Amino acid sequence: MTADIRPRHAGTEARKPLLAVQGVTRRYEGNRQAVTALEDVSFNVFEGEFVCIVGASGGGKSTLLNIVAGLDAPDAGHTLFDGEHVKGPGPDRVLVFQEAALLPWLNVRENVEFGLKLRHTLLADIAAKAERCLELVHLQDYQKLHPHELSGGMRQRVQIARALAVEPRMLLMDEPFAALDVQTRERLQDELQEIWMRTRSTVLFVTHNVREAAVLSDRVIVMTSSPGRVKCEIPVPLPRPRQMDSPPVTGVAMWIRAELQHTGPAGKEPAIASPS
Amino acid sequence: MTADIRPRHAGTEARKPLLAVQGVTRRYEGNRQAVTALEDVSFNVFEGEFVCIVGASGGGKSTLLNIVAGLDAPDAGHTLFDGEHVKGPGPDRVLVFQEAALLPWLNVRENVEFGLKLRHTLLADIAAKAERCLELVHLQDYQKLHPHELSGGMRQRVQIARALAVEPRMLLMDEPFAALDVQTRERLQDELQEIWMRTRSTVLFVTHNVREAAVLSDRVIVMTSSPGRVKCEIPVPLPRPRQMDSPPVTGVAMWIRAELQHTGPAGKEPAIASPS
Amino acid sequence: GGEGAASGQAVSGRQQAVTLRLGYFPNVTHAQPLVGLEDGTYARVLGDGAKLETKTFNSGPSVIEALFAGAIDAAYIGPNPAITGYVQSGGKALRIISGAASGGALFVVRPGANINAPADLAKKKVTTPQIGNTQDVALRAYLAANGLKSREDGGNVTVLPTSNANTLTLFQKGDIDAAWVPEPWGTRLIQEAGGKLFLDERDLWPNGDFVTTNLIVSAGFLDKHPDVVERLLKAHIETTQWINANPDAAAQIASKRIEADTGAALSVALVTASWKNLRMTSDPVAPSLRKSTDDAFALGFLGTTKPDLKDIYALDLLNKALAEKGLPPVSR
Amino acid sequence: MLHPANREAMTPYQVFRRMTETRAGQLGVFVLFLALLVAIWQALYSLQVWPPYTLPSPGSVGETLWRNTENGRIPRAVGVSIRRLAIGYALSVGAGITIGSFTATSRLADSTVGKVVLGMQSLPSVAWLPLAVLWFGLNEQAIIFVAFMGSLFSVAISTNSGVKSIPPLLRQVGLTYGASRWQMYRHIIVPGMMPSLAGGLKLGWSFAWRSLMAGELLFAGLGLGQMLERGRDLNDMSLVIATMLVIISVGLVMDQLIFGRLEHWVLERRGLSSK
Amino acid sequence: MLHPANREAMTPYQVFRRMTETRAGQLGVFVLFLALLVAIWQALYSLQVWPPYTLPSPGSVGETLWRNTENGRIPRAVGVSIRRLAIGYALSVGAGITIGSFTATSRLADSTVGKVVLGMQSLPSVAWLPLAVLWFGLNEQAIIFVAFMGSLFSVAISTNSGVKSIPPLLRQVGLTYGASRWQMYRHIIVPGMMPSLAGGLKLGWSFAWRSLMAGELLFAGLGLGQMLERGRDLNDMSLVIATMLVIISVGLVMDQLIFGRLEHWVLERRGLSSK
Ligand SMILES: Nc1ncnc2c1ncn2[C@@H]1O[C@H](COP(=O)(O)OP(=O)(O)OP(=O)(O)O)[C@@H](O)[C@H]1O
Ligand SMILES: Nc1ncnc2c1ncn2[C@@H]1O[C@H](COP(=O)(O)OP(=O)(O)OP(=O)(O)O)[C@@H](O)[C@H]1O
Ligand SMILES: [Mg+2]
Ligand SMILES: [Mg+2]
């Protein structure tokens with residue numbers, strides 16, 4: 001990977017955003033209990049940007065990604081993708097689910113090829129791409145196993161490979177690396193950045209790891225919970241590649257962490273203050 | 001929480017271990033592909049100890065916990081719990097699964113009460129304990145929701161509350177905090193330590209977070225993968241409570257991380273060396 | 001059959017072959033088709049101008065169903081389904097063109113039930129094959145004539161319409177006291193379950209004659225192909241005569257045919273014994289059909305308006321064929 | 001429900017689709033659909049595609065329905081049949097669930113009793129008639145026995161496959177909390193197999209119902225099966241079709257009142273869409 | 001399989017349990033179980049619990065079986081019935097899956113066609129006989145039609161509930177990769193409903209089989225249904241029981257050859273235990 005110090009997003013304000021989330025509200029009216037998952041959430045993501053979302057558990061992050069993916073619809077507000085109203089899912093936006101959403105009747109390789117097949121990719125291309133993505137996530141030796149025979153982390157890696165294989169215009173990733181060990185995680189972070197820079201795709205990435213957010217993103221959106229709202233946006237204009245333990249990254253991570261304090265619902269602060 | 005500087009585990013070598021894993025090997029003979037998940041794994045865990053297991057994804061950690069829990073049987077070797085052969089699951093060892101293993105037909109509260117009910121706890125006690133554990137994981141406002149209405153992190157928190165509620169002799173936890181945001185995670189780490197010290201229970205804890213391992217454990221077992229073996233054990237004789245960012249903890253974390261390097265299968269090193 | 005007999009009918013070459021689809025039961029009351037089909041009389045007499053196809057059934061109503069649906073053209077059938085078929089189609093669907101058998105219904109009692117006179121039937125359990133069928137109507141009429149009534153009419157005789165097969169089991173078990181059944185069941189109740197003959201239904205009718213089996217044909221087929229129907233009747237008459245002349249040989253053939261049709265044999269002895277209570281005849285015994293219809297209507301089995309059987313018989317062709325053989329005509 | 005203003009711009013298809021969003025609307029659409037079916041029937045009748053004695057007119061069937069309802073025959077037959085069904089089916093559900101969960105959890109039971117159950121399931125109901133007569137004689141029990149045998153094995157089989165399709169993870173939850181064999185049944189197996197069992201119970205019900213129709217041929221003892229047979233015996237197609245309509249309606253009502261709700265309830269609390 | 005040394009220490013129960021660990025052992029246990037059943041039967045016969053004309057001896061049933069097999073009647077009947085079944089059932093599976101997935105994915109279809117399907121499912125097979133004769137005449141098609149109608153609705157219903165029990169997450173995977181409506185069917189709905197459909201197909205098969213037995217009463221045209229009816233008509237309990245045994249065996253063989261495998265295959269690749 002070569003150093004990339006181009007001011008990629010200079011003048012983003014003037015450009016039209018690729019994704020515009022505008023006043024999105026989502027309430028779940030359960031039989032037993034109503035929950036407001038998102039309330040009046042607005043933000044933009046520009047073409048080629050890498051945006052991270054951080055926030056407390058239950059804060060509506062997954063709901064937000066579902067709405068952007070077109071799998072769920074907001075109760076108020078709307079999302080524009082490339083200037084058009086999002087009315088349903090489309091092949092230009094692919095979601096990596098928080099749960100390892102593999103198709104249980106397909107083996108590892110077939111799961112990775114799934115997206116490519118739906119797009120009527122040429123057979124030879126499918127094989128080559130699947131092969132490459134399996135290698136990326138180090139699963140080339142487990143191609144024939146079925147999902148139930150995989151470890152938790154392996155499942156998540158298959159899902160990541162499946163999404164990377166189709167090289168969508170926008171990649172929506174919901175805590176994709178949460179189940180991975182440090183080494184695998186860091187390797188995949190690097191690979192993701194490399195792919196992102198090469199294909200110029202746009203990424204919206206949910207994570208609980210503030211350092212991961214600092215290393216990967218151009219911008220971090222911090223959300224509060226109950227109801228989920230945008231608390232603030234933190235720009236991360238650091239040159240790439242970034243080092244996990246470098247002082248600027250550590251600094252940004254500490255900033256994100258500070259913003260995250262007190263994002264939970266009122267009156268539910270931990271009994272024991274966490275020492276950070 | 002008060003400082004605890006008792007030498008809790010002085011002379012552990014002489015004592016009889018609560019859990020003795022001896023030469024455990026586990027092979028999966030799939031129709032398509034055979035996988036050696038564990039090979040000749042041996043270690044001891046003493047009464048009242050907090051032991052962490054770290055290792056690469058797919059390294060057999062979940063398999064190991066399953067075997068200790070009695071849900072799976074080794075192909076060779078055996079496990080002794082309190083001096084007796086483990087032949088099946090028992091109420092003295094409770095497993096927190098890596099996936100959020102909630103019973104979909106029960107709501108949050110009923111899921112938390114599940115273990116207590118099976119133990120014929122008095123009704124009043126069930127209510128009180130469930131209440132307390134729900135508060136611990138900050139879900140007291142979501143008692144009536146069903147699992148499918150929860151976010152990923154909330155599901156995991158329900159599972160943790162369910163396990164804590166029964167106060168088992170040994171708690172087996174498989175990446176319990178992976179889906180949680182920093183704040184919740186740290187709070188639960190503190191709570192877990194507090195409970196552990198109060199109830200004198202024994203904990204075997206799988207994590208990918210080296211800092212978490214350093215902060216929580218008396219001893220860290222580092223595993224290699226393909227096949228899974230014990231690489232080394234790192235003692236963590238630091239006084240408690242420990243601070244996440246204190247130099248000793250950071251030092252231990254760096255040590256664990258260093259041991260973790262090159263634990264993956266040979267020939268599968270990342271193309272891009274991770275910068276840490 | 002007349003194996004060597006020459007074909008009596010010349011068939012014109014230009015005429016297209018008509019298919020006659022004939023239905024019957026593989027059962028002792030359908031003696032003519034069993035024997036005549038097996039020994040080839042029907043095929044021979046019908047000649048080249050008409051192709052014969054046969055279908056076997058287990059119950060009268062399904063024969064009528066098939067006739068209504070146009071799946072068969074002619075059939076041997078008991079009187080009651082013939083009546084309901086005629087009535088339900090408003091007189092349009094079918095005609096009775098001949099009789100085939102008379103008699104063959106027995107009232108059998110269980111010895112342990114101590115039934116020696118009609119009055120002993122009080123508080124007893126009696127079965128009939130089917131609600132509203134010939135035997136059911138006959139039993140109820142018989143009870144009425146002897147001052148008894150069935151339970152549903154406020155009397156003290158339990159009448160249980162149930163299938164003949166069940167009747168035999170129940171008789172053996174001693175769960176029922178008497179049964180009014182057609183052949184071969186009457187004989188079987190006597191032979192296999194130790195039943196005692198209480199009444200042969202023939203004793204209730206003038207000359208001991210009441211119709212058991214008719215030959216019917218669909219009205220449309222009769223209109224279009226009277227010639228084929230005429231030849232069918234000739235085959236029928238010829239076979240009837242032969243059976244009456246050679247009962248033992250006929251029983252052998254019938255038993256063989258039943259086995260071929262159903263895959264299970266009815267013993268020759270049973271066929272012979274059953275036929276002792278039957279008479280094979282072309283006479284449809286029209287008065288017995290009318291009386292039976294009236295009884296059924298009185299018992300409420302035939303709807304709310306009195307059925308009109310005016311056109312149910314078409315016996316001209318039969319009488320013509322009988323005349324050709326030098327036999328006396330039958331009346332309607 | 002619908003704004004008149006919107007209506008104008010919608011195609012009839014869209015109007016109907018919209019209607020199905022509410023319960024009342026669904027009923028409305030269904031009634032319209034039935035009206036359509038009756039209209040087709042009337043057309044077939046008027047065109048004399050089949051002779052009237054094989055396809056009676058809707059009017060004459062309606063008349064038969066009405067007459068037999070008024071004189072109490074249909075209500076009585078329905079009452080008698082449902083009573084028999086309720087008893088036979090309840091027994092078969094109890095016994096079937098017991099057998100099914102037993103065979104699903106013991107390999108020995110599965111390769112002995114389980115195999116016999118599989119074979120028995122293919123026996124038609126009429127095969128039970130001789131046994132019913134033999135064991136019970138001609139009475140209610142005999143008929144109920146036929147309905148019972150008709151659905152017993154199907155309930156057992158669906159229970160068996162319901163138990164087998166419980167995700168192993170859920171069993172493991174029970175095990176790790178130290179559930180006894182009985183507690184596993186009570187707290188994991190039974191609730192865990194519900195979604196799959198709900199469908200099985202529905203099919204089991206129709207096995208029971210159809211077997212009952214066969215069982216009611218044992219002897220003329222009221223009931224819908226007997227009424228159907230009576231129609232066939234008298235070749236009275238109006239009565240046959242009227243009885244069929246009654247049977248279908250009973251089926252639908254049962255489904256709406258019991259099985260539809262059961263299924264909806266099970267699916268809903270699991271977050272499985274019922275759309 | 002078993003070490004003789006181990007055997008001594010084991011109770012018979014344990015021996016049998018052990019045996020069920022292999023396919024061959026399962027068969028062995030099953031055969032032993034059947035032998036046990038026959039022994040009980042013989043004992044009942046010898047003790048004269050029921051008179052011999054209602055419960056014939058195993059020997060006489062065996063003799064009937066053997067005689068009818070030797071003279072080719074049973075093989076012919078089985079051949080004829082299975083041929084009819086295969087056609088009728090194949091058609092009903094095709095049509096049923098189409099109707100079922102259609103009603104499961106369109107709310108409009110569900111509240112019209114779906115409701116009618118639910119009602120029709122409760123019609124006994126005999127109700128289809130008049131229609132079969134009317135539409136097809138007295139021939140193979142008519143019988144096949146009865147078998148077809150007997151299982152059509154049950155297949156449609158299990159398909160419907162199979163589709164509805166697909167976890168929403170799996171649908172979402174298809175959607176996010178931009179699957180078209182057809183691709184959703186092909187790649188998500190059909191494979192996703194397999195575990196639940198496997199059970200449904202099995203029950204659908206027994207509906208078809210039982211309806212066939214009823215359909216074969218249309219006219220005496222060979223087949224097992226006719227053979228059973230004949231045995232009843234002749235009160236030949238040996239023939240009745242022999243035919244029942246043949247029907248059960250056909251059911252078992254079908255299950256082992258087709259449905260058992262299907263189910264095992266589906267469950268196994270999903271990691272659902274079949275124990
Ligand atoms: N299907 C549903 N029905 C009802 N409520 C729901 C549903 N899905 C989510 N919710 C509620 O919406 C809120 C937000 O959930 P969401 O999954 O978006 O959170 P999240 O930010 O992704 O949390 P996590 O970090 O734990 O994954 C939660 O309170 C949850 O209870
Ligand atoms: N049921 C199974 N059938 C076949 N192989 C299995 C099965 N379960 C696990 N394995 C294999 O065993 C190995 C270890 O799996 P395990 O789940 O124990 O790993 P892990 O250390 O928990 O990984 P992770 O950190 O990703 O959760 C993997 O290679 C996996 O493919
Ligand atoms: Mg989430
Ligand atoms: Mg794991």
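Order of the sequence lines fixes the chain letters, A, B, ..., with proteins taken first and strands second; residue numbering starts at 1 for each chain. Since we're looking at a predicted model, the values are computed, not measured.
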For this session: Under 4.5 Å, counting heavy-atom pairs only, tell me which of D:W205, D:F153, D:F207 racks up the most with chain E.
Result: D:F207
Problem set entry | Per-residue contact mode, E:V116 against chain D (heavy atom under 4.5 angstrom) | both
Exercise. Under 6.0 Å from the six-membered ring centre of E:F259 and within 45° of its axis: does the NZ or CZ of E:K202 meet both?
Worked result: no
For this session: Against chain E, label D:S211 side chain, backbone, both or neither, depending on which of its atoms sit under 4.5 Å from a heavy atom there.
Result: side chain
Problem set entry | Contact origin within E:I247 toward chain D - heavy atom pairs under 4.5 Å | both
Exercise. Which atoms of D:V253 come close to chain E, meaning under 4.5 Å heavy atom to heavy atom: side chain ones, backbone ones, both, or neither?
Worked result: neither
Seminar exercise, completed: Of the listed D:L36, D:L37, D:L129, D:L34, the one with the largest count of heavy-atom pairs under 4.5 Å with chain E is D:L129
Exercise. Are side-chain heavy atoms of D:W209 and D:S81 found at a separation under 4.5 Å?
Worked result: yes
Exercise. Among D:V113, D:L55, D:V240, D:V250, which has the most heavy-atom pairs under 4.5 Å with chain E?
Worked result: D:V113
Seminar exercise, completed: Comparing D:M120, D:Q121, D:E229 against chain E, the one with the most heavy-atom pairs below 4.5 Å turns out to be D:Q121
For this session: Evaluate whether atom CZ of E:F102 has more than 12 neighbouring non-hydrogen atoms of other residues, nucleotides or ligands under 6.0 angstrom away.
Result: no
Exercise. Among E:N160, E:L123, E:L131, E:L118, which residue forms the greatest number of heavy-atom pairs with chain D at distances under 4.5 Å?
Worked result: E:L123
Exercise. Given a strict heavy-atom distance threshold of 4.5 Å, which part of D:L203 is in contact with chain E: side chain, backbone, both, or neither?
Worked result: both
For this session: Give the member of E:L228, E:L134, E:V126 that has the highest number of heavy-atom pairs under 4.5 Å with chain D.
Result: E:L134
Exercise. Checking D:T112 against chain E: side chain, backbone, both or neither under 4.5 Å from a heavy atom?
Worked result: both
Problem set entry | With D:F136 via ring-ring contact (aromatic ring centres under 6.0 Å, His included) - residues at least two apart | D:F145
Exercise. Which answer fits E:M244, side chain, backbone, both or neither, if we ask what part of it has an atom under 4.5 Å from a heavy atom of chain D?
Worked result: both
Seminar exercise, completed: Heaviest contributor of heavy-atom pairs below 4.5 Å to chain E, chosen from D:G251, D:S158, D:P124, is D:P124
For this session: Kindly indicate, with the supporting measurements, whether the criterion salt bridge (Lys or Arg N to Asp or Glu O under 4.0 Å) is fulfilled by E:D110 and E:K164.
Result: CA-CA 12 Å; E:D110 209 16; E:K164 285 182 180 168; 3.1 Å; yes
Exercise. Can you tell if the side chain of D:F33 reaches within under 4.5 Å of the side chain of D:V38, non-hydrogen atoms only?
Worked result: no
Exercise. Taking C-beta and beyond as the side chain, do E:F30 and E:L252 meet within less than 4.5 Å on heavy atoms?
Worked result: yes
Seminar exercise, completed: Under 4.5 Å to a heavy atom of chain E? For D:M254 that would be neither
Exercise. Going by heavy atoms in the side chains, are D:E216 and D:M227 under 4.5 Å from each other?
Worked result: no
Exercise. Which heavy atom of E:T159 sits nearest a heavy atom of E:S101, and at what distance?
Worked result: CG2-N, 3.6 Å
Seminar exercise, completed: If you tally heavy-atom pairs under 4.5 Å between each of E:V163, E:V133, E:V29, E:L108 and chain D, the highest tally belongs to E:L108
Seminar exercise, completed: Here the gap from D:I166 atom CD1 to D:I189 atom CD1, rounded to the nearest 0.5 Å, amounts to 4.5 Å
